[in-house]
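A short write-up of the structure that comes next.
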Amino acid sequence: MEKNKVPCKIIEDLLPSYLDEILSDSVNEAVEIHLESCEACRKKLGQLKSELAEGQVQIEENDAAFVKGIKRYKHYVIGMAIGVGIPLLAFLAFIIWLMFISMNS
């Protein structure tokens with residue numbers, strides 16, 4: 001089979017790997033030759049690029065939301081530590097005070 005006679009179905013299956021640049025040189029060349037002469041496959045490649053870009057935007061939005069959630073959680077944990085720490089320190093101070101009083105009596 002000649003390189004320029006590769007069926008569209010095969011090229012469509014190769015397009016994701018073509019975009020990832022993981023094809024061998026000869027297969028990559030066959031895809032490029034096919035794309036030069038096939039409008040339908042060029043459109044499919046454009047759609048894949050668009051979907052990839054949209055997916056990247058979604059990933060970045062999810063990452064931003066995750067970081068925002070972590071920051072919110074961090075503030076929550078700090079608040080809880082302070083809320084628990086103050087009464088705990090007061091209790092320890094009371095225990096030390098009681099020990100001091102009992103030693104001096």
Side-chain angles (χ1 to χ4, degrees):
M1 185 179 302
E2 294 178 27
K3 290 180 185 177
N4 59 356
K5 300 290 185 187
V6 179
C8 290
K9 199 71 172 152
I10 292 175
I11 297 297
E12 288 176 9
D13 288 343
L14 292 172
L15 287 178
S17 298
Y18 175 77
L19 284 175
D20 291 339
E21 299 177 353
I22 59 172
L23 297 175
S24 67
D25 291 339
S26 60
V27 175
N28 194 56
E29 183 182 340
V31 171
E32 289 175 352
I33 289 170
H34 183 90
L35 289 171
E36 288 175 5
S37 62
C38 182
E39 178 66 26
C41 289
R42 281 195 304 271
K43 283 184 179 180
K44 181 72 174 177
L45 179 63
Q47 289 172 344
L48 285 173
K49 286 180 180 179
S50 175
E51 290 171 4
L52 183 62
E54 289 173 12
Q56 187 63 34
V57 167
Q58 185 63 41
I59 288 170
E60 290 171 3
E61 288 174 358
N62 289 347
D63 288 350
F66 178 74
V67 169
K68 186 177 179 182
I70 291 295
K71 286 181 180 178
R72 190 176 315 129
Y73 180 73
K74 180 180 82 172
H75 291 118
Y76 174 77
V77 169
I78 291 170
M80 291 298 291
I82 291 170
V84 169
I86 291 173
L88 185 60
L89 287 174
F91 179 72
L92 288 174
F94 177 71
I95 297 295
I96 292 170
W97 180 72
L98 285 177
M99 289 174 49
F100 180 73
I101 289 177
S102 68
M103 287 174 48
N104 289 333
S105 305

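We count residues from 1, following the sequence as given. Hydrogens, waters and symmetry mates play no part in the numbers below; they use all other heavy atoms, side chains included. A quick note: this is a predicted structure, and the numbers were derived from the prediction, not measured.
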Report whether V84 and L92 are members of the same hydrophobic cluster (ILVMFWY, side-chain heavy atoms less than 4.5 Å apart, transitive linking).
no
Greater than 12 external heavy atoms within 6.0 Å of E21's CD:
no
Rounding to 0.5 Å, atoms CG (L45) and CG (L14) come to a distance of 12.0 Å
Looking at I11, L48, L35, which one forms a side-chain contact (heavy atoms from CB on, under 4.5 Å) with Y18?
L35
Grouping ILVMFWY residues whenever side-chain heavy atoms fall under 4.5 Å, the cluster of V67 otherwise contains none
Residue pair C41 / L15: nearest heavy atoms and the distance that separates them
O-CD1, 3.9 Å
Nearest non-hydrogen partners of C8 and H34, listed with the distance
SG-NE2, 3.5 Å
To the nearest 0.5 Å, what is the distance between CZ on R42 and OG on S37?
7.5 Å
Once rounded to the nearest 0.5 Å, what's the spacing between atom CD1 of I96 and atom CZ of F91?
11.0 Å
Answer yes if L52 and L23 sit in the same cluster of Ile, Leu, Val, Met, Phe, Trp and Tyr residues linked by side chain heavy atoms under 4.5 Å apart, and no otherwise.
no
CD of E51 to CD of Q58, rounded to nearest 0.5 Å, is 13.5 Å
Between atom CZ of F100 and atom CG of L98, what is the distance when rounded to the nearest 0.5 Å?
12.0 Å
Measuring from I59:CD1 to E61:CD, what's the distance to the nearest 0.5 Å?
11.0 Å
Over 12 non-hydrogen atoms of neighbours within 6.0 angstrom of CG in D25:
no
What pairs with D13 under side chain to side chain donor-acceptor pair (under 3.5 Å), at least two apart in sequence or on another chain?
none
